[in-house]
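So the structure is just underneath, and the comments pick up after that.
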Amino acid sequence: MCGIVAYIGPKEAYPILIKGLHRLEYRGYDSAGVALLNGNLRLYKAQGKVSELENLVSDKDISGNIGIAHTRWATHGEPNDINAHPHFSPSKKLAIIHNGIIENYSTLKSELINRGYVFDSNTDTEVLIHLIEDIQINENVNLVEAVQIALNQVIGAYAIVVISQDYPDMLIAAKKGSPLVIGIGEGEFLVASDATPIIDYTKNVVYLDDEEIAILNRNCELKIKTIKNKDKTPYVHKLEMQLNTLEKGGFEHFMLKEIYEQPRSIKDSMRGRLNAQKGIVSLGGIIDYEMKLINAKRIIIIACGTSWHAGLVGEYLFEDLTRIPVEVEYASEFRYRNPVIYEDDVVIAISQSGETADTLAAIELAKSKGATIIGICNVVGSSIARATHAGSYTHAGPEIGVASTKAFTAQVTILTLMALSIGSKKGTISTSKFYQLINEIENIPEKVEKTLKLSEKIKAIAYEFKDARNFLYLGRGYNFPVALEGALKLKEISYIHAEGYPAAEMKHGPIALIDNEMPVVVVATNKGTYEKVLSNIEEVRARKGKIIAIVTEGDVEVKKLADYVIEIPETQEMLVPILATIPLQLLSYYIAVMRGCNVDMPRNLAKSVTVE
Ligand code: G6P
């Protein structure tokens, strides 16, 4: 949610800031702005994508080797030029960019209005910069102290960078709840919401912790203090991200590139963790906590969005392979409903970005009750990765497309390995089943590759249904989460209303929607419940619904009933979600492209949801 980038150093700041904003655009893209300092502080902002900002400044003075920039996902105030960041202080000597939500902004705003201040925007951010300047003047303190005092009054989440005309050699950054990374380059500093704008300049980064303030000076001094003025020692991490993973690499969209990366990303998520010949499954990151998992009375999986769907697959896997009861919770519900959590519960938190605010808060709640928290994150060094006791990175590589694809299949891969590792050590899985599964997991990347070859066929089906107004997705067992994920993917990027349902539940409601205009995607690869899924398909057919079926290669019965059939390679039932998801990703992608939608930046969505 919202992208922040700032620069101080010897170079011209604007090109660095704009390039950074493009990298961060996946976080929010309803407006963008930049503030540059070269004698006086200049501020340019525009509604729309970063390219609108570039058009706006084409005839403006963009000089300066210190600046801050922002791409927004609106929370307070509609997306327009005025509400875009940066925001000026009343004197226009200070400017701020902010990610997060100041929850007590209206109280602070009323106090400031009573003291005679006037506001241009509807944002909580403008309140904060007014407050900082008010403190600076009335309490006669320097800018760092004013920021500290102001942040002590703030309730909520923030990642901010402040620039001042009176301090042309300094930037101040601070964070609580929302992420902020500082890049330490050659005689320069960058600050950003994630490392993607920094990677071109340096691999040395410092992740700010909550309630920390960083003071970045032109003489290359980095000071970190808390908002209570306690000095902290910066801990420098080395980034492992590769620059080429942030480019489209010849694909029309990041989403398509990421769909096609899955044979590799799944392999990467297994690398060093699976040795089928030797019969070894071992996740180094959780080794010290394996006994907790083996002895757990219950596993609670918390996540949001697509990661929650991966969690549902995890429920089936863990119950099948480890016989530990599993609950899968929306993090946003879990955190607010006084859940029962025991010290011998193990919580598995799943998050691609590692920054989702609800998931982070749910982790803190479970931690405070003494539960063990295991993370499954994609972004290395992210807040969730740091907040958990232990965890496994998915190693899917940066996912830029807002709709999650390769992160999902990598999450499911990790969950499969985890359940297998725990199940084999617990003795809840037979040796023959264990070997069957680990041998087959090794084949999955190749089978994903084969599934991707179906793209032309899927494109043709997409063409038939691109104008549909509704879609129903059905699946049973392991394919139920696949149906949910297929429906989510379609609505996210094509704006077609889509619902995922357990196939047998269709008769309890959704069946009323079926007529000859309703496409129904049925994931019908099940072995155990094949006959039952066939009956569900018959029910749809009897009401003239159009059936698109995902079946196992060589299927005979479903083929007789379905209007369109997509055949995926045969695999173990527990591994089907990874393969069956691929055609659904492609179907959504092609439908969205044919409808002229912006698949990488769908309306109203953001990749990383760092607000509640
Ligand atoms: C947003 C994204 C989704 C993602 C969800 C959870 O809504 O658009 O693609 O599944 O957040 O994000 P996380 O980073 O925690 O997996």
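In listed order, ligands and their atoms are each counted from 1.
For N378 and S353, the side-chain atoms include no donor-acceptor pair closer than 3.5 Å.
Within the set E492, K489, E355, Q352, the minimum heavy-atom distance to atom 3 (C) of ligand 1 is found for E492.
Remark: the backbone N or O of G48 is not paired with any side-chain donor or acceptor of D30 at under 3.5 angstrom.
Closest to atom 15 (O) of ligand 1, if we only count protein heavy atoms, is T356 OG1, 2.4 Å. A606 O, 2.9 Å is the protein heavy atom nearest to atom 8 (O) of ligand 1. For atom 10 (O) of ligand 1, the nearest protein heavy atom (residue, atom name, distance) is T306 N, 2.9 Å. Nearest non-hydrogen protein atom to atom 5 (C) of ligand 1 is C304 O, 4.0 Å. In terms of protein heavy atoms, atom 16 (O) of ligand 1 is closest to S307 OG, 2.5 Å. Considering only non-hydrogen protein atoms, atom 7 (O) of ligand 1 sits nearest to V609 CG2, 3.8 Å.
At least one heavy atom of V402 sits under 4.0 Å from some atom of ligand 1.
For the side chain to side chain contact (heavy atoms under 4.5 Å, CB included) with S404, the qualifying choice from K489, E492, Q411 is K489, the only one to do so. For the side chain to side chain contact (heavy atoms under 4.5 Å, CB included) with D600, the qualifying choice from K248, K607, E25 is K248, the only one to do so.
More than 12 heavy-atom neighbours from other residues, nucleotides or ligands sit within 6.0 angstrom of OH on Y495.
Taking a cut-off of under 4.0 Å to the non-hydrogen atoms of S404, the atoms of ligand 1 that pass are 9 (O). Listed by number with element, the atoms of ligand 1 under 4.0 angstrom from any heavy atom of G305 are 10 (O). Of all atoms in ligand 1, numbered sequentially from 1 with element shown, those under 4.0 Å from a heavy atom of K607 are 1 (C), 2 (C), 11 (O).
Cation-pi geometry between K257 and Y260 is not met: the NZ or CZ atom fails to fall both under 6.0 Å from the ring centre and inside 45° of the normal.
Under the 4.5 Å side-chain criterion, counting only non-hydrogen atoms from C-beta, K459 is not in contact with Y463. Side-chain atoms of L454 and T451, non-hydrogen and from C-beta on, do get closer than 4.5 Å to each other.
Looking at S351 next to ligand 1, an N or O pair under 3.5 Å apart turns up.
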